[in-house]
Amino acid sequence: MDPLQIYRDEVKTLSSKALSEIGVSEPSFDVEVPSTEIADFAVPCFPFAKALKKSPMIIASEAAEKISTSELISKVWAENGYLNFQINSGKLANTTLQEIFSTGSDYGKGEKKAGKLLLEHTSVNPTGPIHIGRARNPIIGDTLARCLRACGYDILTEYYVNDVGKQVIILTWGLEHLDKSSEDDVVDKIDHRLVGYYRKANKMMEENPEVAAEIGQMLRKFEDGDKETIEKVRKTAKMMLDGILESLALINVSLDSFMWESTFIENGAAAEVVSKLKASEYCKEENGASYLELESFGIHGRETRFFFTRGDGTTLYTTRDVTYHLNKFSRADRVVNILGEDQKLGQAQLAIALHLLGVERSPECVFYSFVSLPEGKMSTRRGQVVNLDDLIEEAESRAFDEVKKRRSDLSEDKMNEIAKAIGRGAVRYNMLRVQPEKPLVFRWEDALNFEGNSAPFVQYAHARACSILKKADSFNKDIDFSELSDIYETKLIKTLAKFPSVIKEAGEKSRIHLIPLYAHELAASFNLFYTYVPVLKGDNKDARLALVDCTRVVLSNALYLMGLNAPEEM
RNA sequence: GGGCUCGUGGCUUAGCCUGGAUAUAGCACUGGCCUUCUAAGUCAGUGGUCGGGGGUUCGAAUCCCCCCGAGCUCGCCA
């Protein structure tokens with residue numbers, strides 16, 4: 001339930017009635033929330049000026065006179081051509097806190113929605129450790145999944161494992177032929193160890209034609225559907241994937257399901273798609289390779305052809321992706337993809353191909369810009385990359401120093417636990433606070449910033465709330481919360497009341513950066529309350545403890561949506 | 001060349017979809033606040049041609065057009 005909804009509705013009804021009474025026929029308007037804290041809700045009267053031949057100021061004051069305050073609305077006034085409303089904050093305090101107490105960790109969630117939703121994210125190629133550029137994908141994807149779940153959707157998250165193609169074959173060859181007693185074996189984590197073999201094998205392939213021939217042979221066997229080869233390659237991909245998943249688990253990302261690309265070669269589904277696409281009137285051929293001519297579908301550029309077979313008839317990545325999406329739509333009503341911006345054209349082409357195959361729906365995509373380094377693009381070849389594991393390690397280590405500086409009273413284990421929550425949280429928060437379509441330049445000093453708009457700021461507010469509650473005795477929740485009427489208390493309650501509408505917009509409109517924005521606002525609002533309103537030694541102790549407890553719950557819910565842990569002390 | 005995206009104080013960023021009151025925060029910088037629930041906090045101050053120009057409108061950061069700059073993209077790669 002959204003505690004603010006009844007107030008919005010009431011403002012709408014009252015304004016509509018008053019405007020009709022002063023001569024506006026069928027008034028059409030939106031109820032606004034002013035950017036400054038002049039009022040809780042406002043209705044601009046400028047659009048009615050022409051019809052009424054009166055100034056907006058006069059219209060607003062005439063309308064204000066027609067409206068009397070109610071149980072929900074405590075003040076109505078005209079100002080600068082606006083009809084302003086202040087809501088009954090005592091009433092809001094009671095409904096909001098009671099709602100939070102009765103729903104707890106479910107506070108803010110929406111009603112169960114019908115239909116299944118399949119969300120694909122991450123899907124990085126299993127050829128090396130995940131770097132921070134690629135990590136934007138799971139961080140966005142996992143957070144969106146959490147928001148959609150909170151909105152009431154039945155959702156399955158899936159990783160599409162790319163175990164087809166030359167890269168994985170090279171790695172597989174390397175694993176079979178390279179000396180494994182080399183220095184690379186010293187590396188503990190499997191993905192970091194394997195990427196060494198990949199680099200070495202790649203180099204050998206470039207330098208030695210015999211190796212290249214062997215790899216080529218393996219590739220051909222794979223594409224012919226040789227069971228033994230497919231099995232071998234998939235095993236390699238699985239090993240690398242395990243390493244990647246281990247990294248993702250550190251930042252609280254886990255997936256429900258995995259789809260292996262080779263599946264569609266093995267089970268003949270990709271071949272079936274080929275024959276169906278060939279039947280399309282848009283299908284053409286060049287040197288034995290088939291493609292769709294997409295010019296009439298609004299695809300622009302030098303090249304409007306969408307190839308789906310090679311000259312030798314074998315399938316392409318795009319063919320398998322079409323097959324995969326056919327498969328997705330057979331399992332779900334809505335399909336959501338988290339993709340790098342370089343996939344935009346491909347997705348547009350894919351949607352057209354799906355329509356030609358009779359699928360009415362299209363995947364809904366969230367595209368994100370790439371993460372670059374101050375020195376430019378990330379490049380594995382030039383060694384210009386920051387691996388997610390390294391970032392996490394550095395963040396944890398810096399967080400540990402900070403914890404040690406402040407909390408020397410804690411045990412080593414406890415300090416470690418807190419440092420992990422803060423360090424890993426900082427990594428996620430830092431990527432979440434910027435809209436996905438904005439380019440992101442990775443800077444260590446930003447990623448490891450523990451002040452201001454950061455993960456620890458929110459976590460710290462939560463820890464402060466926990467700390468007060470720990471020191472307090474149990475308190476009475478069956479009281480009138482309208483005594484919480486101080487400006488800091490009222491502001492905090494209004495912020496708590498906003499949470500359900502924030503979740504709704506974040507999930508329904510894929511605007512997940514609203515969650516960190518809100519979390520920061522709530523934490524800041526609580527910090528002000530904390531600074532100026534004494535709880536344990538002040539008046540209204542039960543009501544204030546209740547407010548602290550509710551803030552703790554909502555901060556914890558917001559942290560959960562972002563995939564951050566909520567330490568009880570810091 | 002075509003298409004898509006981005007451009008808001010020194011840096012990062014909200015607001016743009018759905019036009020409306022003095023444009024939101026953070027970092028950095030300057031100066032305050034710990035005998036009172038954890039100072040990862042808080043207060044005050046400095047700092048803005050909302051890339052540029054035109055248009056629509058009572059009103060434009062927001063909508064439309066043109067231009068400039070940056071990124072992505074236009075493979076029988078994945």
Side-chain angles (χ1 to χ4, degrees), chain A residues 30 32 34-36 38-39 42-47 49-50 55-56 79-82 84 125 127 162 164-168 261 286-291 298-305 307-314 316-318 320-321 340-346 348-349 367 369-370 372 377 399 402-403 405-407 422 430 433-435 437-441 443 445-446 449-461 463-472 509 511 513-514 517 520-521 523-524 526-528 530-538 544-545 548 569-570:
Chain A
D30 285 323
E32 295 181 0
S35 52
T36 51
I38 302 170
V43 174
C45 296
F46 309 93
K50 207 174 237 173
S55 81
E79 191 177 338
N80 297 334
Y82 288 84
N84 284 341
N125 289 355
T127 48
N162 185 335
V164 179
K166 206 168 186 178
Q167 288 188 309
V168 197
E261 190 180 344
E286 186 181 72
N287 303 328
S290 304
Y291 64 91
I299 296 293
H300 307 271
R302 293 188 178 101
E303 187 60 84
T304 56
R305 297 180 298 175
F307 278 92
F308 60 92
T309 75
R310 295 193 182 90
D312 63 6
T314 54
L316 294 160
Y317 171 82
T318 39
R320 269 119 44 197
D321 207 16
E341 59 179 345
D342 56 336
Q343 304 290 316
K344 271 191 187 174
L345 178 61
Q349 294 171 329
F367 295 103
S369 282
F370 281 120
S372 59
K377 265 170 111 169
E402 295 295 321
V403 176
K405 223 184 324 186
R406 296 158 218 263
R407 301 298 304 272
I422 294 171
N430 186 245
R433 42 178 272 270
V434 182
Q435 292 186 30
E437 59 270 22
K438 295 243 186 188
L440 200 72
V441 179
R443 290 186 187 86
E445 62 267 34
D446 292 342
N449 167 35
F450 292 160
E451 285 164 9
N453 191 4
S454 69
F457 182 92
V458 181
Q459 290 168 319
Y460 185 65
R464 276 178 148 181
C466 290
S467 171
I468 292 178
L469 294 164
K470 208 175 289 173
K471 287 190 174 149
K509 294 186 176 175
R511 290 158 58 83
H513 68 283
L514 293 177
L517 194 72
H520 180 261
E521 186 190 341
F526 178 70
N527 280 337
L528 281 183
Y530 184 94
T531 304
Y532 296 107
V533 184
V535 177
L536 296 175
K537 289 173 187 162
R544 285 178 181 171
L545 279 169
V548 172
E569 58 180 328
M570 280 171 67

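Note that the structure is predicted; figures quoted are calculated from it, not measured. So you know, we letter chains A, B, ... as the sequences are listed, proteins then strands, and number each from 1.
The base-pairing partner of B/U49, taking Watson-Crick or G-U wobble contacts with both distances under 3.5 Å, does not exist among the strands shown. B/A78: no Watson-Crick or G-U partner with both key distances under 3.5 Å is found in any strand. Remark: B/A44 base-pairs with B/U30. Criterion, Watson-Crick or G-U wobble with two distances under 3.5 Å. With a 3.5 Å ceiling on both atom-pair distances, the Watson-Crick or G-U wobble partner of B/C4 is B/G71. Summarising the base pairing, B/A23 is matched to no nucleotide, lacking a Watson-Crick or G-U wobble pair whose two defining distances lie under 3.5 Å. Remark: B/U56 base-pairs with no nucleotide; criterion is Watson-Crick or G-U wobble with both hydrogen-bond distances under 3.5 Å.
When the C1' atom is compared between B/C37 and B/U42, the two are found 15 Å apart, to the nearest whole Å. Taking atom P on both nucleotides, B/G1 is separated from B/G47 by 42 Å, rounded to a whole Å. For the C1' atom pair drawn from B/U5 and B/G41, the interatomic distance equals 38 Å after rounding to whole Å. Comparing B/G55 with B/U62, their C1' atoms sit 15 Å apart, to the nearest whole Å. The same atom, P, is picked in B/G52 and in B/C68; the two are 15 Å apart, to the nearest Å. Using atom P as the reference point in both B/A23 and B/U57, the two lie 26 Å apart (nearest Å). When the P atom is compared between B/A25 and B/U46, the two are found 15 Å apart, to the nearest whole Å. Comparing the P positions of B/C6 and B/G45 gives an interatomic distance of 34 Å, to the nearest angstrom.
Within a 6.0 Å radius of NZ in A/K50, other residues, nucleotides and ligands contribute 12 heavy atoms or fewer.
Separating the CD atom of A/E437 from the C1' atom of B/C6 is a distance of 9 Å, rounded to the nearest angstrom. In this entry the distance linking CZ of A/F450 with C1' of B/A39 reads 17 Å, nearest Å. Per the geometry, NZ belonging to A/K405 stands 20 Å off P belonging to B/U38, to the nearest Å. Protein atom CD of A/E569 is 14 Å distant from nucleotide atom C1' of B/A40, rounded to whole Å.
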Scan nucleotides 34-37 of chain B against the protein and return all N/O pairs shorter than 3.5 Å with their distances rounded to 0.1 Å.
residue	atom	partner	partner atom	Å
B/C37	O3'	A/K471	NZ	3.1
B/C37	O2	A/V535	N	3.4
B/C37	O2	A/L536	N	3.1
B/C37	N3	A/V535	N	3.2
B/C37	N4	A/Y530	O	2.3
B/C37	N4	A/V533	O	2.7

Under 3.5 Å, N/O pairs linking protein and nucleotides 14-17 of chain B:
residue	atom	partner	partner atom	Å
B/A14	OP1	A/Q435	NE2	3.2
B/A14	OP2	A/K438	NZ	2.9
B/G15	OP1	A/R511	NH2	2.9
B/G15	OP1	A/H513	NE2	3.2
B/G15	OP2	A/Q435	NE2	2.4

Between the protein and nucleotides 57-61 of chain B, list the N/O to N/O atom pairs that are separated by less than 3.5 angstrom.
residue	atom	partner	partner atom	Å
B/C58	OP1	A/K50	NZ	2.7

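Here the closest heavy-atom approach between residue A/S372 and residue A/K377 is recorded as CB-CA, 4.4 Å. Across all non-hydrogen atoms, the minimal contact from A/N449 to A/S454 is O-CB, 3.4 Å. Closest approach of A/F457 and A/A523 over heavy atoms only: CE2-CB, 3.5 Å. Taking both residues in full, the closest heavy atoms of A/I422 and A/Q459 are given as CA-OE1, 3.6 Å, listed atom of the first, atom of the second, then distance. Contact between A/N162 and A/V164 at its shortest, heavy atoms only, is OD1-O, 2.7 Å. For the residue pair A/Q343 and A/F367, the shortest heavy atom distance occurs at C-CE2, 4.0 Å.
For the pair A/K438 and A/L440, the minimum side-chain heavy-atom distance is 4.5 Å or more. A/I299 places a side-chain heavy atom less than 4.5 Å from the side chain of A/L345. Counting heavy atoms from C-beta outward, A/E286 and A/F307 have side chains that approach closer than 4.5 Å.
Annotated as anti: B/C74, whose O4'-C1'-N torsion sits more than 90° from 0.
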Given side chain to side chain contact (heavy atoms under 4.5 Å, CB included), test A/R407 with A/E569 step by step and report yes or no.
CA-CA 10 Å; A/R407 301 298 304 272; A/E569 58 180 328; 3.2 Å; yes
Going through the distances and angles, do A/R544 and A/V533 end up as a side chain to side chain contact (heavy atoms under 4.5 Å, CB included)?
CA-CA 9 Å; A/R544 285 178 181 171; A/V533 184; 3.3 Å; yes
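Comparing A/L528 and A/I422 by the nucleotide of RNA chain B whose heavy atom lies nearest to each, the residue mapping closer to the 5' end is A/I422.
Applying the side chain to side chain donor-acceptor pair (under 3.5 Å) rule to A/K405 yields the partners A/E402; only residues at least two apart in sequence or on another chain are considered. Considering only residues two or more places apart in sequence or on other chains, A/I468 meets the side chain to side chain contact (heavy atoms under 4.5 Å, CB included) condition with A/Y530, A/V535, A/L536, A/L545, A/V548. Listed by chain and residue number, A/Q435 satisfy the side chain to side chain contact (heavy atoms under 4.5 Å, CB included) test with A/E437 (two or more places apart in sequence, or in another chain). For A/N453, the side chain to side chain donor-acceptor pair (under 3.5 Å) partners at least two apart in sequence or on another chain are A/Y429. For A/R320, the side chain to side chain donor-acceptor pair (under 3.5 Å) test picks out A/E261, A/T315, with sequence neighbours left out. When the salt bridge (Lys or Arg N to Asp or Glu O under 4.0 Å) test is applied to A/R464, no partner is found at least two apart in sequence or on another chain. Scored by the side chain to side chain donor-acceptor pair (under 3.5 Å) test, A/T314 finds A/R310, A/D312 as partners (sequence neighbours excluded).
Across all strands, A/Q459 comes closer than 4.0 Å to no nucleic acid atom at all (heavy-atom distances). Note on A/N84: a base of the nucleic acid sits closer than 4.0 angstrom, heavy atoms only. Across all strands shown, A/A42 has heavy atoms under 4.0 Å from base atoms, whether or not it also approaches the sugar-phosphate. At the heavy-atom level, A/T36 lies under 4.0 Å from base atoms of the strands shown. The residue A/I299 sits apart from the nucleic acid: no heavy atom pair falls under 4.0 Å. Residue A/A463 is in base contact, counting any heavy-atom pair closer than 4.0 Å across all strands shown.
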Nucleotide-resolved protein contact map, nucleotides 67-78 of chain B, B/S/- at heavy-atom distance under 4.0 Å
----SSSBSBSB
Counting primed atoms, P, OP1 and OP2 as sugar-phosphate and everything else as base, the B/S/- map of nucleotides 25-31 of chain B against protein heavy atoms under 4.0 Å is SSS----
